[in-house]
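Just so we're on the same page: letters track the sequence lines, and every chain starts at 1.
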Amino acid sequence: MTEGRPLIEATGLVKRFGSFTAVDGIDLSVRAGEAFGFLGPNGAGKSSTMRMIGCVSPVTAGELRILGLDPARDGPAIRARLGVCPQSDNLDPELTVAENLTTYARFFGIPRKVARARAAELLDFVQLGERAGSKVEPLSGGMKRRLTIARALINEPEVVLLDEPTTGLDPQARHLVWERLFRLKQRGVTLVLTTHYMDEAEQLCDRLVVMDAGRIVAEGSPRDLIARHSTREVVELRFLAESQEVFVDKLAGIGSRVEALPDRVLLYVDDGDAAVATVHDRALSPASVLVRRSSLEDVFLHLTGRTLVD
Amino acid sequence: MVALVLPRLISFEGPVRRSMSVAERNAAALRSAYWLVMISGFVEPVVYLLSIGIGVGGLVGDLTLPSGAVVDYAAFVAPAMLASAAMSGALAEATFNFFGKMKYMRLYEGMLATPVRPFEIALGELAWAMVRGSLYSAAFLVVMVALDLTTVGRALLAFPAAVLVGFAFGSLGMAFSTFMRSWQDFDLMGSAQFALFLFSGTFVPAESYHPALRWLVEVTPLYRAVDLIRGISIGTDEVLGGLIDVGYLLLVTAAGLVIAGRRMTTLLCK
Amino acid sequence: MTATLAVFEYHLVGYRRTWRGSVFGSFLLPLLTMLGFGVGVGAYIAGGVGGVSYLDYVVPGLLASTVVQVTMFETTWPVLGNFEWHKIYFGQAAAPLRAADILGGHLVFVLFRAVLCAAPFLLIATLFGAVHSWWALATLPVVALLAFAVAAPTIAYSATVRSDSYLALLFRFAVLPMSLFAGVFFPVESMPVGLRWVAYATPLWHGVDLCRAATLGVAPQWSGWGHVGYLALWAAAGWWLARRRFQTRLFH
């Protein structure tokens, strides 16, 4: 069974808050065992979609099936099989680290003994075993995040929803979280996550959709998306001048696209070194030159624009 | 073949089971100072009883009730203190703590990601508030018997009445909390609570109020609660009046729970 | 001094937004108590207390007790919050302010609140015919002193504890019993001797006795200057403790 039945299936999914449309008719399907990502700027509709999938936000219009069930009717039954790690940790500040897991287990009707055993196991999994008796408040951001992830796993869920799992963490903490999530994926757990970090999407996701203003603007594996929406390489040129804008015309025709930013000019090309040679041929002498591989970030900015959306 | 984690259905034990797991969380959170605050809650009505019932009672002397019965002022005030203690114990959990958990600790968001439903959270929190309220009521009744303000038999009968009072105010308070915008709004609620405390026939018979005020007072829940418990502890034995009180309080409980559950759904499941 | 006033001004700016809510707690409730107790229960106390009607007896007590309540509220949760939750004091400490300025500014605000709630209360009491002497005006400086005597040690306490559960305990075991047994509702002398001396030790009793003497226009039960001195002692000791706590917590 290489092609599992979709665990999550949405057609024309819409979420409106009053007159504001957060999710504007999206189609998607998530298969068992894959890691599926929602990529997009703030306000793109990622979290609203996640909350609908988590059965805590009613669908405004369209069709949504999770584990073959209807969230409006079978909310509790679906949630019994999901693990949710929300955008901001909502751990219980009045309980210890271990109690956060054991009391949470009780909400799923898991017997106390089983809950204690699983809590111990999960704390080891997220490397918090030594902090089991500590309160939540003194934990670092990364520890809290790992605890929230452990809590999302207490019911041995089939699908884990992770809303921006590493936002606000330092690099070490992020890598630890990634490594743990990767191990979950290896165990066959389906991961659905949102992020606005390109490296995270590239690291974790088999398949992702880019969302912007409530719609899906691109879909595919990270490699597909780069191939489809960007070039193989990007040349970054910095000129010693008031405006980089004036160089756009002078660079026209090199590669498939030229983009001027306030501090540099980007050339989207297939062969970076050849492009640099052409730049010099045109008697242009940039103060600095950088040739790099195209990344998901280039795709993202190309598709969703550079304007700040906050 | 990839070995998929097989769908593992967790036993689905129904609303009561899930509500109890919410109350269980509160029991797990009991420690240090909060524990002390909770346990010592019963001190308040006792202090009031000693000050007003006995201290001011010394100035008042005996009280002639409208029925013609003459009672010691402390015996008159004590059931009212019990009723208002049941009220404030339940309200403390159902308003301040409930609101804090909902808005600031955002506990319920986490709970709602599990099979637990909003109404079940309301029910679980109420059950917890009742455990707390019942402890206060029981302790206070022991004090009343010790001070010879009622008999053991009447105290035993008054206990379930006090629990009912707690239920009514707990669910009412929870319903109100879902409409609160910030802590400031609780000042208003606290004021309303204090006004009820002063004017629910607590310190003087409601018959002595101006007719308009009296009519208003008699439809408030605390008045019904005081009337019920005083009827039992002093022994006016007005069965019909008592039944009306009980019916009223049951109605308030049901209405409060339904409203709280609905409002939580609108607030948390947007 | 200007630094202290700057801190006072900060608190005033906040109060501009919250004063409406405080009208209930600091004014309407005492008024209701005056009605419920003074008038309601008073109707059942035929002989009054020591020759004065129960309303006349209870009003000055409620005045002093209300001031204590308001003071306690302003010096518990806000102080703990400014240290633990919103970190306001630490923000102030980053400006060129001394611990005494930050503490003093808050304290001036509390005294301001105390007098602000006492004045209209006094006016209403006059309308109810419960004020019998021009000396009643002296209650304003008296309640300011009472507020200082209660506020300073309470601030020290709130700056020491780390969880607001301890504030709830303070109200339950100190403020409530004090309000109920320090001569507001009935004479302290009707209690057993041991309890009587506990009541005498509370700052509230001294405030009540002074206020009662002022509104009734009679001599206080105890030496007037004795009362003032005792309250000043609480204020001074409290200030010393609070300043030390602020110094250690803000400037290590």
query = Where does B:Phe199 contact chain C at under 4.5 Å (heavy atoms): side chain, backbone, both or neither?
reply = side chain

note = Most contact-rich option vs chain B, by heavy-atom pairs under 4.5 angstrom, among C:Tyr54, C:Phe37, C:Phe173, is C:Phe37

request  = Report the C-alpha separation of C:Ile45 and B:Val56 in whole Å, then their side-chain angles, then the decisive distance to 0.1 Å, and conclude whether the side-chain contact (heavy atoms from CB on, under 4.5 Å) test is met.
outcome  = CA-CA 9 Å; C:Ile45 301 175; B:Val56 177; 4.2 Å; yes

message = Give me the atom names and distance for the closest heavy-atom approach of B:Ser208 to C:Tyr44.
response = CB-OH, 3.3 Å

inquiry  = I'd like to check C:Val41 versus B:Tyr73 (side-chain heavy atoms, cut-off strictly below 4.5 Å). Are they in contact?
reply    = yes

inquiry  = If you count heavy atoms of other groups shown closer than 6.0 angstrom to CZ of B:Phe176, is the number above 12?
reply    = no

query = Can you name the side chain to side chain donor-acceptor pair (under 3.5 Å) partners of B:Arg25, sequence neighbours left out?
reply = A:Asp92, A:Glu94

ask   = Run the side-chain contact (heavy atoms from CB on, under 4.5 Å) check on C:Phe185 and B:Leu59 step by step: do they pass?
value = CA-CA 10 Å; C:Phe185 295 102; B:Leu59 301 171; over 6 Å; no

request  = Below 4.5 Å from any heavy atom of chain C, which atoms of B:Leu50 appear? Answer side chain, backbone, both or neither.
outcome  = both

request  = Counting only heavy atoms closer than 4.5 Å, note whether C:Thr33 contacts chain B via side chain, backbone, both or neither.
outcome  = both

ask   = Taking atom CH2 of B:Trp215 as the centre, does the number of heavy atoms from other residues, nucleotides or ligands within less than 6.0 Å exceed 12?
value = no

task = Mark yes when over 12 heavy atoms from residues, nucleotides or ligands other than C:Glu9 sit less than 6.0 Å from its CD; otherwise mark no.
result = no

query = Are any of the side-chain heavy atoms of B:Tyr48 and C:Pro177 separated by less than 4.5 Å?
reply = no

query = Can you name the residues that form a salt bridge (charged side-chain N to carboxylate O under 4.0 Å, His left out) with C:Arg172, not counting sequence neighbours?
reply = B:Glu44

query = Roughly how far, to the nearest 0.5 Å, is CG of C:Leu180 from CD1 of B:Ile52?
reply = 5.5 Å

ask   = So what's closer than 4.5 Å to chain B heavy atoms on C:Val49: side chain, backbone, both or neither?
value = side chain

